[in-house]
Amino acid sequence: MFLTVAKAGSIAQASEAENVAASAISKRISDLEDKIGTPLFYRQTRGVELTPAGRELARHSSNVLSLVERMETQMLDFASGAKGSVRIAANTSAITQFLPEDLAGFVEDYPDVRIDLSEQTSDEILTAVRDGLADLGIFSGLVEEPELEVLTYRRDTLVVVMGKDHPFRPDNPVKFAEFAKLAMVGLQSGSSLQAFLEARAAEQGLTLKTRVETLSFDGVRRMVEAGLGVAVLPLGAVEPYLESAQLRMQEIDEDWAVRTLKLAVKDLNAVSRPVRALVEHLISQNLGNT
């Protein structure tokens, strides 16, 4: 009200602008002057004029109101999902194949949202989401997910990969039993993919002959390229490297070769706006590529 009077140079005009009685405005100004301890306006016949103290207060008041407006705008940004942070725990398959492009698209729409991404095994991911250490988890659908809200994220096709000079040279999609007897390169113990393959082998009475275990898809590819064995990897972790690396791949003739990557949150109704915006974006990306 003080700034309105200062701008108008008249309590009567401020009364019209604010739709408040002139007497009420005059009382508020007088109360403000009493609280500060000095006059803010020179009262004149045709209006009011700021005193030196009034000019200083007007300058500070304008800055304060501008700061409050910026604060409100930024809080609205957080409420709408335009700002904030999202902690993601994802498995190697999701990070290698899908998340780079999907997150890039999200950041274009939400440039002020910070993404904290950690690579973990599927069991660790579910634990992180349950314990509140991650807002969003992306994991293999082969793992149990009690207590969490789960959505389908992507479809993931597994293939068998071997070096170009490896004697195993199938011309058609192969059954698991055809290559499970060969020396294999696997992922580290605890990997959901490795555990899945061992479970499928046990179902068929097979024992995997894992010669080398490594921590990443890149490590598996390099070991396979060096001739240390064959491996089972997601299509997206092999196909882009076929031309540059000494690798060949073949489809797997098993129902389980197409698996599901899932997205988990503790409670979708309770997550922050940035997390919800990212979940909606990831799901829409999946629908656009099915």
Side-chain angles (χ1 to χ4, degrees), residues 88-102 117-125 137-143 153-204 206-262:
I88 305 173
N91 65 5
T92 305
S93 183
I95 292 174
T96 302
Q97 298 184 88
F98 307 119
L99 280 178
E101 290 76 17
D102 288 353
L117 175 63
S118 63
E119 182 175 342
Q120 300 180 36
T121 65
S122 290
D123 285 331
E124 292 171 340
I125 290 164
I138 299 175
F139 65 102
S140 168
L142 309 169
V143 179
Y153 172 48
R154 291 276 191 170
R155 300 294 179 184
D156 184 24
T157 302
L158 299 175
V159 297
V160 59
V161 57
M162 68 290 294
K164 281 191 174 180
D165 297 328
H166 196 283
F168 184 59
R169 310 183 71 85
D171 295 323
N172 299 301
V174 293
K175 290 290 187 180
F176 192 21
E178 295 179 55
F179 63 86
K181 59 187 178 184
L182 302 174
M184 298 189 68
V185 178
L187 288 167
Q188 63 179 340
S189 178
S191 161
S192 61
L193 175 56
Q194 192 66 24
F196 171 73
L197 292 175
E198 291 171 356
R200 299 293 77 75
E203 289 174 356
Q204 298 185 33
L206 303 170
T207 301
L208 297 182
K209 299 177 180 179
T210 304
R211 175 179 287 169
V212 182
E213 288 186 353
T214 185
L215 297 175
S216 66
F217 289 164
D218 181 60
V220 171
R221 285 193 304 268
R222 295 184 66 182
M223 295 296 176
V224 169
E225 189 176 8
L228 291 173
V230 303
V232 175
L233 289 176
L235 176 64
V238 178
E239 196 170 37
Y241 302 92
L242 291 178
E243 291 186 7
S244 60
Q246 297 296 307
L247 297 173
R248 291 181 288 112
M249 73 174 186
Q250 185 55 263
E251 296 177 7
I252 299 174
D253 184 17
E254 301 284 356
D255 291 340
W256 50 257
V258 177
R259 61 179 187 162
T260 302
L261 292 179
K262 293 185 178 181

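Note that the structure is a prediction, hence the values are computed from the model and not measured.
In plain terms, the two heavy atoms of Ala180 and Leu208 that are nearest each other are CB-CD2, 4.0 Å. Annotation for Ala237 and Thr96: closest pair CB-CG2, 4.0 Å, computed over non-hydrogen atoms.
A distance-only check finds a donor-acceptor pair linking the side chain of Gln250 to the backbone of Pro170 [under 3.5 Å]. A donor-acceptor pair under 3.5 Å is formed between the side chain of Arg248 and the backbone N or O of His166. Lys164 places no side-chain N or O within donor-acceptor distance of the main-chain N or O of Leu247, the cut-off being under 3.5 Å. For Arg211 (side chain) and Ala183 (main-chain N/O), no donor-acceptor pair under 3.5 Å exists by modelled atom type.
By the 6.0 Å contact criterion, CD on Glu178 is enclosed, its count of non-hydrogen atoms from other residues, nucleotides or ligands being greater than 12. Heavy-atom contacts from other residues, nucleotides or ligands closer than 6.0 Å to CD of Glu243 number 12 or fewer.
In this structure, Leu235 CG and Ser93 OG are separated by 10.0 Å, a value rounded to the nearest 0.5 Å. Distance check, rounded to the nearest 0.5 Å: CD of Glu239 to CE of Met249 gives 4.5 Å. Distance NZ/Lys175 to CG/Asp253: 4.0 Å, rounded to 0.5 Å. Taking CZ of Arg259 as the start and OG of Ser140 as the end, the distance is 4.5 Å to the nearest 0.5 Å. With values rounded to the nearest 0.5 angstrom, Gln246 atom CD is found 16.0 Å from Tyr241 atom OH. Remark: Met184 CE to Leu228 CG distance equals 13.0 Å, nearest 0.5 Å.
At least one side-chain heavy atom of Tyr153 sits less than 4.5 Å from a side-chain heavy atom of Leu99. Looking at Val185 and Val220, their side chains come closer than 4.5 Å, going by heavy atoms from C-beta outward. The shortest distance between side-chain heavy atoms of Ile125 and Asn91 falls below 4.5 Å. Side-chain contact between Phe179 and Ile252: present, with at least one pair of heavy atoms (C-beta onward) separated by less than 4.5 Å. Residues Leu197 and Trp256 form a side-chain contact, since some pair of their non-hydrogen atoms from C-beta on lies under 4.5 Å apart. The side-chain heavy atoms of Leu261 and Phe139, taken from C-beta on, include no pair separated by under 4.5 Å. Residues Thr92 and Glu119 meet the side-chain proximity criterion, which asks for heavy atoms closer than 4.5 Å. Between Leu187 and Glu213 there is no side-chain heavy-atom pair separated by less than 4.5 Å.
A cation-pi arrangement, defined by a distance under 6.0 Å to the six-membered ring centre and an angle within 45 degrees of its axis, is absent between Arg200 and Phe176.
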Pair Met162, Val160 - check side chain to side chain contact (heavy atoms under 4.5 Å, CB included), show working. CA-CA 7 Å; Met162 68 290 294; Val160 59; 4.2 Å; yes
Report the C-alpha distance between Thr210 and Gln194 in whole Å, list the side-chain angles of each, state the deciding distance to 0.1 Å, and finish with yes or no for side chain to side chain contact (heavy atoms under 4.5 Å, CB included). CA-CA 10 Å; Thr210 304; Gln194 192 66 24; 3.8 Å; yes
Given Phe217 and Val238, is the side chain to side chain contact (heavy atoms under 4.5 Å, CB included) satisfied, shown in steps? CA-CA 9 Å; Phe217 289 164; Val238 178; over 6 Å; no
Under the side-chain hydrogen bond (donor to acceptor under 3.5 Å, both in side chains) rule, what do Gln97 and Asp156 come out as? Steps first, then yes or no, please. CA-CA 9 Å; Gln97 298 184 88; Asp156 184 24; 2.8 Å; yes
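For the residue pair Gln188/Thr214, the side-chain donor-acceptor check at 3.5 Å is not satisfied.
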